[in-house]
Undergrad: 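Please see the structure below; I have some questions.
The figures that follow rest on heavy atoms only: side chains count, while hydrogens, waters and symmetry mates do not. This structure is a prediction, so every number in the text was calculated from the model and none was measured.
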Amino acid sequence: MENYNQTSTDFILLGLFPPSRIGLFLFILVVLIFLMALFGNLSMILLIFMDIHLHKPMYFLLSQLSLIDLNYISTIVPKMAYNFLFGNKSISFIGCGVQSFFFLTLAGAEALLLASMAYDRYVAICFPLHYPIRISRRVCVLMITASWIMGSINSCAHTTYALHIHYCRSRAINHFFCDVPAMLTLACMDTWIYEYTVFVSTILFLLLPFIGIACSYGRVLLAVYHMNSAEGKKKAYSTCSTHLTVVTFYYVPFVYTYLRPRDLRSPTEDKALAVFYTILTPMLNPVIYSLKNKEVMGALKRVIQRIFSVKM
């Protein structure tokens with residue numbers, strides 16, 4: 001491992017890319033994914049805002065998911081790209097805390113928002129007549145606000161702990177962003193209490209929502225099975241498969257990473273898994289939801305036609 005000045009208060013992010021042609025190829029690939037994520041999520045937000053046909057609870061939640069993903073990937077990739085391009089792998093102590101805070105806030109908020117979206121689809125398919133009452137705009141606002149607040153509280157607790165412990169080993173974090181468990185491997189004190197809180201947070205913010213989503217979609221699939229309409233079945237299966245694809249890419253690597261005991265974790269595996277929930281998922285969400293949703297594609301055509309008609 002490279003030798004760094006250990007008297008500095010800055011941390012060193014060892015990064016994701018090896019110093020080789022393969023590393024350069026991976027860097028270019030990640031930058032392209034980042035640009036696709038920015039364009040896709042920003043387009044989704046604007047499309048839902050501009051088209052009145054998408055002013056429904058489902059798409060209101062989807063616009064918030066795009067907003068979270070837009071900020072989520074922007075918290076990680078720009079700093080990683082800067083470090084690779086300029087060869088400066090350092091990040092200040094405060095900068096590391098800020099990055100960690102936003103990462104944990106957005107990660108927690110997205111996990112809870114995905115559960116809210118599953119509940120939305122559950123009510124829409126299993127209780128269609130009660131849908132306007134159970135999933136009103138007010139209920140959507142409450143679910144979104146709760147997701148942000150709970151994500152922020154969880155993030156504050158973890159980030160505050162990480163910034164107040166004493167680091168006495170190498171300042172080199174073997175990761176491509178300030179992931180608190182990776183930071184704590186540099187601590188010169190016993191961190192078993194914190195590892196227990198990570199376990200509890202993972203249960204509350206990842207495992208329980210994932211179980212809730214699985215149960216809700218189990219009920220949905222059962223309801224779809226008893227439908228008489230073939231078109232209704234097809235639409236319901238399409239909606240379920242879309243959301244489950246997003247859920248799988250997001251929750252599974254996250255849960256597998258943070259529920260494993262410290263002795264069974266390896267930095268290389270942690271970084272590879274982190275790519276799924278920090279880089280790939282924010283790019284895939286708008287692609288999956290737009291390409292597999294007729295209403296979104298119809299709204300896109302209307303907005304394009306509107307723009308061209310104004311220019312003409």
Undergrad: Return the set of residues passing side-chain hydrogen bond (donor to acceptor under 3.5 Å, both in side chains) with Y277 (not counting sequence neighbours), or none when no residue passes.
TA: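 In terms of side-chain hydrogen bond (donor to acceptor under 3.5 Å, both in side chains), with neighbours along the sequence ignored, Y277 is linked to no residue.
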Undergrad: Can you find a pair of side-chain heavy atoms, one from L113 and one from M143, that are under 4.5 Å apart?
TA: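 They are not in contact (no side-chain heavy atoms under 4.5 Å apart), so the answer is no.
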Undergrad: Any chance you could lay out the side-chain contact (heavy atoms from CB on, under 4.5 Å) test for I68 and S147, step after step, and finish with the verdict?
TA: CA-CA 11 Å; I68 290 175; S147 298; 6.0 Å; no
Undergrad: Could you check if a side-chain atom of I91 sits within less than 4.5 angstrom of a side-chain atom of Q99, using non-hydrogen atoms only?
TA: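 Touching, per the 4.5 Å side-chain cut-off.
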Undergrad: Can you tell me how the ring of F254 sits relative to the ring of Y250, calling it parallel under 30°, perpendicular over 60° and tilted otherwise?
TA: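 Taking Y250 first and then F254, their aromatic rings stand perpendicular (interplane angle over 60°).
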Undergrad: Any side-chain heavy atom of L38 sitting closer than 4.5 Å to one from S74?
TA: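 Side-chain contact under 4.5 Å: yes.
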Undergrad: How long is the straight-line distance from CG of L70 back to CE of M44, given to the nearest 0.5 Å?
TA: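 Separation between the atoms: 12.5 Å.
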Undergrad: With heavy-atom distances below 4.5 Å as the criterion, would you say the side chains of L62 and M117 are in contact?
TA: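 Yes, at least one pair of side-chain atoms sits under 4.5 Å.
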Undergrad: Does the plane of the ring in F276 sit parallel, tilted or perpendicular to the ring in F249? Use 30° and 60° as the thresholds.
TA: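 Geometry flag for F249 against F276: tilted rings.
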Undergrad: Given side-chain contact (heavy atoms from CB on, under 4.5 Å), test L13 with C178 step by step and report yes or no.
TA: CA-CA 8 Å; L13 293 172; C178 289; 4.2 Å; yes
Undergrad: Just do the side-chain contact (heavy atoms from CB on, under 4.5 Å) check on R260 and L273 with the steps written out, would you?
TA: CA-CA 13 Å; R260 280 180 301 161; L273 290 169; 3.9 Å; yes
Undergrad: Do I173 and C96 come within less than 4.5 Å of each other through their side chains, counting heavy atoms only?
TA: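 They are in contact (side-chain heavy atoms under 4.5 Å apart), so the answer is yes.
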Undergrad: Would you say V123 ends up clustered with L129 if hydrophobic residues are merged whenever their side chains have heavy atoms under 4.5 Å apart, either directly or through other cluster members?
TA: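 No; V123 is not reachable from L129 via cluster members.
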Undergrad: Report the residues that fulfil side-chain hydrogen bond (donor to acceptor under 3.5 Å, both in side chains) with Y194, sequence neighbours left out, ordered by chain and then residue number.
TA: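 For Y194 the side-chain hydrogen bond (donor to acceptor under 3.5 Å, both in side chains) partners, ignoring immediate neighbours, are H158.
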Undergrad: Validate the cation-pi geometry between R21 and F25: distance from NZ or CZ to the six-membered ring centre under 6.0 Å, angle to the ring axis within 45°.
TA: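 Because its charged atom misses either the 6.0 Å distance or the 45° angle limit, R21 does not stack over F25.
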Undergrad: Does the gap between the ring centers of F11 and Y167 come in under 6.0 Å?
TA: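 Yes, they do, as the ring centres are separated by less than 6.0 Å.
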Undergrad: Return each pair, listed once, that meets salt bridge (Lys or Arg N to Asp or Glu O under 4.0 Å) where at least one residue sits in residues 189-203; pairs must be two or more places apart or across chains.
TA: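 Checked against salt bridge (Lys or Arg N to Asp or Glu O under 4.0 Å) - neighbours excluded - the pairs reaching residues 189-203 are E195-R262.
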Undergrad: Just by distance, with hydrogens left out, do Y258 and D179 show a side-chain donor and acceptor under 3.5 Å apart?
TA: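 Judged by distance alone, the side chains do pair up.
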Undergrad: How does the hydrophobic cluster around I153 look, that is, which other residues are in it when side-chain heavy atoms under 4.5 Å mark a link?
TA: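 Direct or chained contacts put I153 with I149.
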Undergrad: Who passes side-chain hydrogen bond (donor to acceptor under 3.5 Å, both in side chains) against R265, sequence neighbours left out?
TA: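 So R265 forms a side-chain hydrogen bond (donor to acceptor under 3.5 Å, both in side chains) with D270.
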Undergrad: With the side chain counted from C-beta on, respond yes when N71 and F102 share a heavy-atom pair under 4.5 Å apart, and no when they do not.
TA: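 Heavy-atom side-chain distance check fails, nothing below 4.5 Å.
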Undergrad: Indicate, with yes or no, if the rings of Y122 and Y217 have centres closer together than 6.0 Å.
TA: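 Y122 vs Y217: aromatic centres not under 6.0 Å.
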Undergrad: May I ask you to test the F199-L259 pair for a side-chain heavy-atom distance under 4.5 Å?
TA: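 Heavy-atom side-chain distance check passes, below 4.5 Å.
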Undergrad: The criterion is side-chain contact (heavy atoms from CB on, under 4.5 Å); which residues satisfy it with F84, sequence neighbours excluded?
TA: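 Counting only residues at least two positions away or on another chain, F84 forms a side-chain contact (heavy atoms from CB on, under 4.5 Å) with F17, L24, F27.
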